[in-house]
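In what follows, a structure is listed as structure tokens, so that the remarks can point back to it.
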Number of protein chains: 2
Amino acid sequence: MSVKIFLVEDDLSFGAVLKSYLEINDFDVTWVNDGQHALSTFKGGAFDICILDVMLPNVDGFTIGREIRDINTQIPILFLTAKTLKEDILTGYGIGADDYITKPFDTDVLIAKLNAIVQRRALTAVPEAEIYAIGKYEFNYQHRTIILDGNKQKLSPKETELLKLLCIHKNDLLPREKALKQIWGDDDYFTTRSMDVFVTKLRKYLREDENIEIRNIHGSGFMLID
Amino acid sequence: MSVKIFLVEDDLSFGAVLKSYLEINDFDVTWVNDGQHALSTFKGGAFDICILDVMLPNVDGFTIGREIRDINTQIPILFLTAKTLKEDILTGYGIGADDYITKPFDTDVLIAKLNAIVQRRALTAVPEAEIYAIGKYEFNYQHRTIILDGNKQKLSPKETELLKLLCIHKNDLLPREKALKQIWGDDDYFTTRSMDVFVTKLRKYLREDENIEIRNIHGSGFMLID
DNA sequence: AAATGAGTTTAACTTTTCATTAACCTCCGA
DNA sequence: TCGGAGGTTAATGAAAAGTTAAACTCATTT
């Protein structure tokens with residue numbers, strides 16, 4: 001799900017360019033070029049970030065910013081200002097802007113700013129678990145479990161890592177060497193034999209579902225078939 | 001209670017001036033001029049905002065920023081950069097900076113930025129109590145208590161922090177390393193063992209409800225199961 | 001200045017979990 | 001049919017975690 005941006009910019013050509021540029025960078029942009037209808041549009045949609053031009057013909061951007069801030073105390077607001085006027089900057093921060101950008105600006109910096117704002121919010125949230133489907137089984141990498149009909153089987157760290165690699169390469173060859181390097185960091189006789197032991201263990205865990213199989217490709221590696 | 005600023009700046013005269021200026025504007029400033037000792041000082045005090053110079057003689061400001069971000073995902077970080085290098089700016093945002101300031105800068109703008117950050121924080125800060133449900137227990141973070149059938153159990157600060165982290169990750173893995181960094185600020189043999197002691201204590205407090213459990217995931221961390 | 005006490009760390013001992021290794025066996029391909 | 005690769009099982013030892021208690025720290029009280 002992409003980040004929704006609320007953009008208020010009266011300059012038609014600049015607004016169009018900025019909108020396209022943001023969209024290329026995977027943001028979902030709603031662009032309003034009329035300051036007077038900005039607030040009603042804002043109320044209509046659930047936005048993640050606001051970008052407001054300070055210099056608008058009828059209403060000024062700061063007023064809109066203040067009104068948005070009254071409605072939503074959380075949403076990040078960025079002001080666009082053509083002038084480098086200190087006055088503008090101070091007013092913007094006074095309203096509770098997250099940042100201001102002076103035109104002309106570097107678009108990479110803008111994207112970086114936006115991503116930083118999004119990222120910070122993502123840091124607070126708990127990252128969601130990696131879950132793989134293996135036939136009727138459900139494999140949870142973080143929890144290190146495989147579940148079949150509510151029966152939970154715990155896995156050891158190495159079992160988990162190996163099964164994850166097999167899942168990533170599902171129905172495709174997982175070269176022995178790759179697994180050894182990635183999990184064991186080494187590739188000698190003993191680690192090879194150790195890996196075979198783990199394959200046996202995984203086969204045991206997964207034998208309840210007839211349709212899945214860890215097949216050996218003699219001399220090359222293994223393949224998880226589903 | 002004034003806002004506590006953590007300032008890392010190696011230039012002695014500039015650092016002194018900046019510190020005084022911030023203090024005149026009612027900020028409580030802790031100034032470190034040696035990048036190498038920055039992190040230990042940071043761990044020692046409860047700060048509200050960090051201002052880090054990017055150009056330091058030994059360690060660079062970005063490294064310190066990254067380490068601070070590991071310990072505290074919330075704290076606002078501002079980078080000071082002498083250069084207007086785009087590289088620096090992008091790196092800073094990548095780390096999760098709240099803002100950057102290019103030297104020489106307007107001190108009024110800096111103060112405005114700081115006040116904007118503080119103000120936003122004040123709005124964000126949840127005045128209402130953080131209360132988590134853990135099975136039949138009720139855990140109040142601010143009061144540092146867990147209640148079962150009206151029986152109140154007081155918790156120590158570390159017990160409280162650990163239980164909160166477990167609650168945030170409820171039914172999901174709390175990586176050992178994450179808890180150690182956030183609560184102990186460090187990650188060695190002794191802090192690890194200390195954490196184990198706290199897990200034992202929490203288990204003792206929570207054992208009245210059969211349906212909840214603090215489960216260990218060998219080699220990765222703990223999981224509060226409800 | 002000594003005593004207290006809560007909070008935390010360190011130490012010591014026990015239990016659990018896990019990866020490695022060895023041993024023996026089977027399969028596959030040349 | 002021979003040799004190497006793979007399948008499988010069990011034993012071993014190392015590392016992580018569980019637990020309890022003693023030691024330490026530091027602010028507050030006496």
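Note that this is a predicted model, so its numbers are computed, not measured.
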Walk me through it: do Asp48(B) and Lys4(B) pass the test salt bridge (charged side-chain N to carboxylate O under 4.0 Å, His left out)?
CA-CA 5 Å; Asp48(B) 299 304; Lys4(B) 291 185 75 180; over 6 Å; no
Can you measure Leu174(B) atom CG to dA17(D) atom C1' for me and round it to whole angstrom units?
15 Å
Between Asp209(B) (side chain) and Lys136(B) (backbone), is there a donor-acceptor pair under 3.5 Å?
yes
May I ask you to decide if Gly221(B)'s main-chain N or O and Asn216(B)'s side chain share a donor-acceptor pair within less than 3.5 Å?
yes
Using heavy atoms and a sub-4.0 Å distance, could you list which residues of residues 182-209 of chain B are near DNA chain C? By number, please.
Trp184(B), Phe190(B), Arg193(B), Ser194(B), Val197(B), Phe198(B), Lys201(B)
No-hydrogen, no-angle side-chain donor-acceptor test under 3.5 Å, Glu138(A) and Tyr132(A):
no
Categorize Arg215(B) for me: base, sugar-phosphate, or nothing, with a 4.0 angstrom heavy-atom threshold over every strand shown.
nothing
Interface with DNA chain D, restricted to residues 217-226 of chain B and to heavy atoms under 4.0 Å
His218(B), Gly219(B), Phe222(B)
More than 12 heavy atoms of other residues, nucleotides or ligands under 6.0 Å from CG of Asp26(B): is that the case?
no
Quick one: does any side-chain atom of Lys178(B) pair with a main-chain N or O of Leu165(B) as donor and acceptor, under 3.5 Å?
no
Tell me, please, the opening and closing nucleotides of DNA chain C, 5' to 3', among those with an atom under 4.0 angstrom from a non-hydrogen atom of chain B.
dG7(C) to dC18(C)
Looking at residues 151-166 of chain B, who's got a heavy atom less than 4.0 Å off DNA chain C?
Ser156(B), Pro157(B), Lys158(B)
Angle separating the five-pair end axes of the helix from dA1(C)-dT30(D) to dA30(C)-dT1(D), nearest 10°, is 30°
Hey, is CG on Asp188(A) packed in by over 12 heavy atoms from elsewhere, all under 6.0 Å?
yes
Donor-acceptor under 3.5 Å (Asn140(B) side chain, Thr145(B) main chain)
no
I'd like to know if the side chain of Arg66(B) and the backbone of Gly61(B) have a donor-acceptor N/O pair within less than 3.5 Å.
no
Does either side chain, that of Asp172(B) or that of His143(A), offer a donor lying less than 3.5 Å from an acceptor on the other one?
yes
Between Asp196(A) and Arg176(A), is there a salt bridge with N-O shorter than 4.0 Å?
yes
Enumerate the ring pair (Phe, Tyr, Trp, His ring centres under 6.0 Å) contacts for residues 187-208 of chain A, please, sequence neighbours excluded, ordered by first and then second residue.
Trp184(A)-Phe198(A)
How long is the gap from OG1 on Thr30(B) to CD1 on Ile5(B), to the nearest 0.5 Å?
9.5 Å
Does any N or O in the side chain of Glu161(A) come within less than 3.5 Å of the main-chain N or O of Lys158(A), such that one atom is a donor and the other an acceptor?
no
Could you check whether Arg144(A) and Ser220(B), counting side-chain N and O atoms only, form a donor-acceptor pair closer than 3.5 Å?
yes
